[in-house]
Amino acid sequence: MPELPDVEIFRQYAEKHALNKKIKDVEYFDSRVLQTSKQMITTSLKGKELSGTQRRGKYLFLRAGDRYMVMHFGMTGYLVYFKAGDDKPDYAQLILDFDNDHSLAYISKRKLGKIDIIDDIEAYSKDNDLGIDVYDSGFDDFMKAMKNKRGNIKSALMDQSHVSGIGNIYADEVLYQEKLHPGAKIQDLDENKMKSLFNTIQRVFRTAINHKANPDDLPDHYLLPHRSEGESCPDCRGKIRKITVSGRSTYFCPGCQVKG
DNA sequence: TCATTTGTTTCATG
DNA sequence: ACATGAAACAAATG
């Protein structure tokens, strides 16, 4: 699912294919993902070019003139760049047609994402309670954001209003790499452990991005290629277990991952 | 038919 | 005022 590494890949994809081409037309497919009027989107995009990309947490911002189109991908979203005459991708919610006979489609099979037009990324982030981007921050920022958190570490990592970008899948991976139990209490972790955790987040995301955010391409000693109940832990060969933490399916190795 | 999936929001409680 | 966490919601699949 689109977490930080996935959205970073989408950003690179848009950067590579969709910039500096005149937008001839905008196609809509009557979808609830639109957070603003069709007229607003058309006015902001048609006849213009996308001139840059930014990502914050799981959000992607595409610059057009002095505005941005914001995309959030929900559970099932992604981007497809395709040639005129090719079949339109299924489940497209919005398509930008460029003047080079190619198009960029925002796909959302389950329509759980959102698209908006905004003026200011900072203001938008504030309105949407979006914390710092965990991959674009240093340890000091991370600690500051985590300082007032209590409860279990997994929920804290997934709380987008403090540190944004980590979702259910990568939370499991980070905690597995860190040999930390998902239910560990954050107040039981000392500064050294937090530092180590932060470094692990950076490493896991860097590795994931280098592998196109495809979980099955990750190194074999990662959890994600083995993330289902009863599989063997790549480290100790014990059985991976599934539990529920904060209402989310959580996979971990009871042998390797300890509390605090 | 219904449990499952995940990201987000909402709401009751501490 | 603020944090937490449980529950609800979105849509589609098997």
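Chain naming here is simple, since letters A, B, ... match the order of the sequence lines and numbering starts at 1 in each.
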Original post:
Which nucleotide in the set B:dT4, B:dT8, C:dT13 lies at the smallest distance from any side-chain heavy atom of A:Lys242?
Top reply: B:dT4
Original post:
Can a side chain N or O of A:Arg227 be found less than 4.0 Å away from OP1 or OP2 on B:dT6?
Top reply: yes
**OP:** Please state how far atom CG in A:Asp159 lies from atom P in B:dG7, giving the value in whole angstrom units.
**Re:** 13 Å
**OP:** Verify the ring-centre separation between A:Phe252 and A:Tyr176: is it less than 6.0 angstrom?
**Re:** no
Subject >> C:dA3 OP1/OP2 closer than 4.0 Å to side-chain N/O of A:Lys149 >> reply: no
Subject >> Pairwise 5' ranking along DNA chain B for A:Asn128 and A:Arg110, keeping only the more 5' one >> reply: A:Arg110
Subject >> Residue A:Arg150, side-chain atoms from C-beta onward, closest of B:dT8, C:dA3, C:dA11 >> reply: C:dA3
**OP:** Rounded to the nearest angstrom, tell me the gap between atom CD in A:Gln35 and atom C1' in B:dG7.
**Re:** 13 Å
**OP:** For the side chain of A:Tyr91, starting at C-beta, report the closest nucleotide among C:dT13, B:dT8, B:dG7.
**Re:** C:dT13
Original post:
Given C:dT13, B:dT4, B:dT9, which nucleotide is nearest the side-chain atoms of A:Lys114?
Top reply: B:dT9
Original post:
Under 4.0 Å: is that the gap between some side-chain N or O of A:Lys58 and OP1 or OP2 of B:dT8?
Top reply: yes
Original post:
Would you say the base of B:dT8 and the side-chain of A:Arg248 have a donor-acceptor pair closer than 3.5 Å?
Top reply: yes
Original post:
Rounded to the nearest Å, what distance is computed from the NZ atom of residue A:Lys111 to the P atom of nucleotide C:dC9?
Top reply: 19 Å
**OP:** Report the distance from atom CD of A:Gln187 to atom C1' of C:dA3, rounded to the nearest whole Å.
**Re:** 12 Å
Original post:
Are any of the side-chain nitrogens in A:Asp25 or A:Lys46 under 4.0 Å away from the carboxylate oxygens of its partner?
Top reply: yes
**OP:** Specify the residues of residues 162-183 of chain A, ordered by number, for which at least one heavy atom lies under 4.0 angstrom from an atom of DNA chain C.
**Re:** none
Subject >> Candidate nucleotides C:dT13, B:dG7, B:dT8, ranked by approach to the side chain of A:Lys109 - the nearest >> reply: C:dT13
Subject >> Centroid-centroid distance, A:Tyr81 to A:Tyr13, less than 6.0 Å >> reply: no
**OP:** Would you mind checking if A:Asp188 and A:Lys259 are paired as a salt bridge, meaning a charged N to carboxylate O distance below 4.0 Å?
**Re:** no
**OP:** Figure out the CE/P separation between A:Met75 and B:dT8, and round it to whole Å.
**Re:** 11 Å
Original post:
Does the side chain of A:Asp101 come within less than 4.5 Å of A:Lys83's, by heavy atoms?
Top reply: no
Subject >> Option among A:Tyr135, A:Phe205, A:Tyr222 that satisfies the ring-ring contact (aromatic ring centres under 6.0 Å, His included) test with A:Tyr170 >> reply: A:Phe205
Original post:
Given B:dT5, is OP1 or OP2 found less than 4.0 Å from the side-chain N or O atoms of A:Ser249?
Top reply: yes
Subject >> A:Lys195 to A:Phe139, cation-pi by 6.0 Å centre distance and 45° axis angle >> reply: yes
**OP:** Check the distance between C:dA12's P and A:Ile107's CD1 and give it to me in whole angstrom.
**Re:** 14 Å
Original post:
Can you tell me how far C1' of C:dA12 sits from CG of A:Asp90, to the nearest Å?
Top reply: 14 Å
Original post:
In this structure, are over 12 heavy atoms from other groups packed under 6.0 Å from A:Lys48 atom NZ?
Top reply: yes
Original post:
Between A:Lys185 (NZ) and C:dT4 (P), how many Å, whole number?
Top reply: 11 Å
**OP:** Tell me the partner of B:dT1, counting only Watson-Crick (N1-N3 plus N6-O4 or O6-N4) or G-U wobble (N1-O2 and O6-N3) with both under 3.5 Å; none if nothing fits.
**Re:** none
